[in-house]
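Keep in mind the model is a prediction, meaning the values are calculated, not measured. Both backbone and side-chain heavy atoms feed into the values below; hydrogens, waters and symmetry mates do not.
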Amino acid sequence: MNMYVPFVCLALGAVINWRGLPVPILRIFDMLTNCALVVLMLVIGLNIGTSSQVMTNLGHIGLNCMIISLFSIMGSVVFTVLAEHTVMPLEKIRLMLAEEEGMKAVQPQSSGFSPLVIVMPSCIAAGIVSGYVLLSDLPHQLLDTTLTISLVFLYTGVGVSIGSNKEVFSYIKKLGLRIIFMPLCIFTGCLLGGLVSGLILKVPLSWSSLSASGMGYYSLTGAFLTENLGIEAGTYGFIVNVSRDVFTVLLLPVLSHISKGSPIASGAAGCMDTMLVPVTKAVGPHLGMVALISGTILTVVVPLWLPAGAYLF
């Protein structure tokens, strides 16, 4: 998907709802967004289940990859939380805006139980099983097309939500250039998480660090490591970053209680595409824009970093 598509769809959704749609229409948009989210999770699962590269390496390599992925997420979250308590006070700015302007819409989302907490990981699991057992010959072009269509619906749905919460723009303006600390913290945490996990697992540091610093960009990371470091390194690059998306969905309830920025830190570059809507549902539309901007920056950084990182390591 082209980099401009998310922003176009967000803008379209915001324009559609800028003057306020009737509640029944908003409910229809919400229902369509949730349906598209279910399809997205199924497609992520199917991409894993139909990938022979992933499914044939779920033994020792798979376990190592999952550990590297978790260390990468943990590093990103730790650095993001530190930034939130110092230079990037996401929650403090939200409260400040609420106090200054009386914005009811910037109040945190209800912490009540959401069925999506169960539905999203269940759909990924169903996709993996059905992809491996029943649909192993499913054309990847069909999966890619379905993924793109579901993302268009999801981006537009997020845009409609932004149209209902116009204070999002005040929030981004108030945060200003401090928003750059989000991708910086995520990248630093990923890199250190990859180095530490590589030392613990006795995996070549070039494999673990470059895989971890793929930050969810699994297609590019897997292809780059395969071409430059061999098929086994490429397998690490692919599985580590696929696992990151899965772990982000599974851990969203926990991450949301750690800090406002933690779900964004876990989603990393994926917040530009597949992880944007799950993360936005966890943190709210005002931080959803922070997630999108951070994910876009990281998506640009990954192809620039990987050749430099391969040279350094």
Side-chain angles (χ1 to χ4, degrees), residues 44-80 121 124-125 127-129 131-133 136 185-252 254-255 262-263 265-270 274-275 298 301-303 305-313:
I44 290 174
L46 285 168
N47 270 317
I48 297 171
T50 57
S51 171
S52 57
Q53 183 183 27
V54 175
M55 300 308 292
T56 57
N57 289 284
L58 284 181
H60 177 66
I61 289 179
L63 179 61
N64 281 351
C65 288
M66 287 187 281
I67 292 172
I68 293 169
S69 183
L70 285 170
F71 267 81
S72 176
I73 290 172
M74 184 168 60
S76 298
V77 169
V78 167
F79 277 90
T80 298
I124 292 177
I128 293 172
V129 173
Y132 183 66
V133 177
S136 57
C185 290
I186 294 170
F187 174 76
T188 304
C190 286
L191 185 57
L192 290 179
L195 288 170
V196 171
S197 58
L199 289 171
I200 294 172
L201 298 170
K202 296 181 171 38
V203 171
L205 294 185
S206 57
W207 297 8
S208 62
S209 59
L210 291 176
S211 295
S213 54
M215 295 178 286
Y217 201 158
Y218 54 83
S219 56
L220 178 63
T221 306
F224 178 86
L225 292 185
T226 297
E227 183 178 353
N228 290 274
L229 298 175
I231 185 63
E232 191 171 354
T235 302
Y236 270 85
F238 189 80
I239 298 179
V240 165
N241 289 286
V242 168
S243 300
R244 187 174 189 124
D245 278 4
V246 176
F247 283 134
T248 295
V249 172
L250 291 173
L251 296 173
L252 275 177
V254 176
L255 294 166
S262 293
S266 184
T274 53
M275 290 296 102
L298 292 173
V301 165
V302 172
W305 156 249
L306 287 176
Y311 176 78
L312 291 173
F313 288 104

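Ser69 contributes no side-chain N or O that, together with a main-chain N or O of Cys65, makes up a donor-acceptor pair within less than 3.5 Å. Between the side chain of Thr226 and the backbone N or O of Gly222 there is at least one donor-acceptor pair closer than 3.5 Å. No donor-acceptor distance shorter than 3.5 angstrom exists from the side chain of Ser76 to the backbone of Ser266, with no hydrogens or angles considered.
Of the inter-residue distances, the one linking Ile73 atom CD1 with Ser262 atom OG reads 11.0 Å to the nearest 0.5 angstrom. Rounding to the nearest 0.5 angstrom, the gap separating the CG atom in Leu210 from the CG atom in Leu195 is 9.0 Å. A distance of 7.0 Å separates OG1 of Thr248 from CG of Leu255, quoted to the nearest 0.5 Å. For the atom pair CG of Asn64 and OG of Ser243, the computed distance is 11.0 Å after rounding to the nearest 0.5 Å. Note that CG of Leu191 and CE of Met215 are 9.0 Å apart. Values are rounded to the nearest 0.5 Å. Rounding to the nearest 0.5 angstrom, the gap separating the CG atom in Asp245 from the OH atom in Tyr217 is 13.0 Å.
Between Val302 and Gly214, the shortest heavy-atom contact is CG2-O, 3.5 Å. Listed here is the closest heavy atom pair of Ser72 and Cys190: OG-SG, 3.2 Å. Annotation for Asn241 and Ser211: closest pair ND2-O, 3.0 Å, computed over non-hydrogen atoms. Ala269 approaches Leu298 most closely through the heavy-atom pair N-CD1, 3.8 Å. Minimum interatomic distance between Phe247 and Met66 (heavy atoms only, all atoms of both residues): CE1-O, 3.7 Å. Taking both residues in full, the closest heavy atoms of Ile68 and Ser197 are given as CG1-OG, 3.5 Å, listed atom of the first, atom of the second, then distance.
Counting heavy atoms of neighbouring residues, nucleotides and ligands inside a 6.0 Å radius, atom CZ of Phe224 exceeds 12 of them.
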Between Leu251 and Leu70, does the side-chain contact (heavy atoms from CB on, under 4.5 Å) criterion hold? Intermediate values first, please. CA-CA 10 Å; Leu251 296 173; Leu70 285 170; 4.3 Å; yes
Audit row: Leu225, Trp207, side-chain contact (heavy atoms from CB on, under 4.5 Å) steps and yes/no: CA-CA 8 Å; Leu225 292 185; Trp207 297 8; 5.8 Å; no
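Aromatic ring pairs are classed by plane angle as parallel below 30°, tilted from 30° to 60° and perpendicular above 60°; the pair Tyr218 and Phe238 is perpendicular.
Under the 4.5 Å side-chain criterion, counting only non-hydrogen atoms from C-beta, Tyr236 is not in contact with Leu229.
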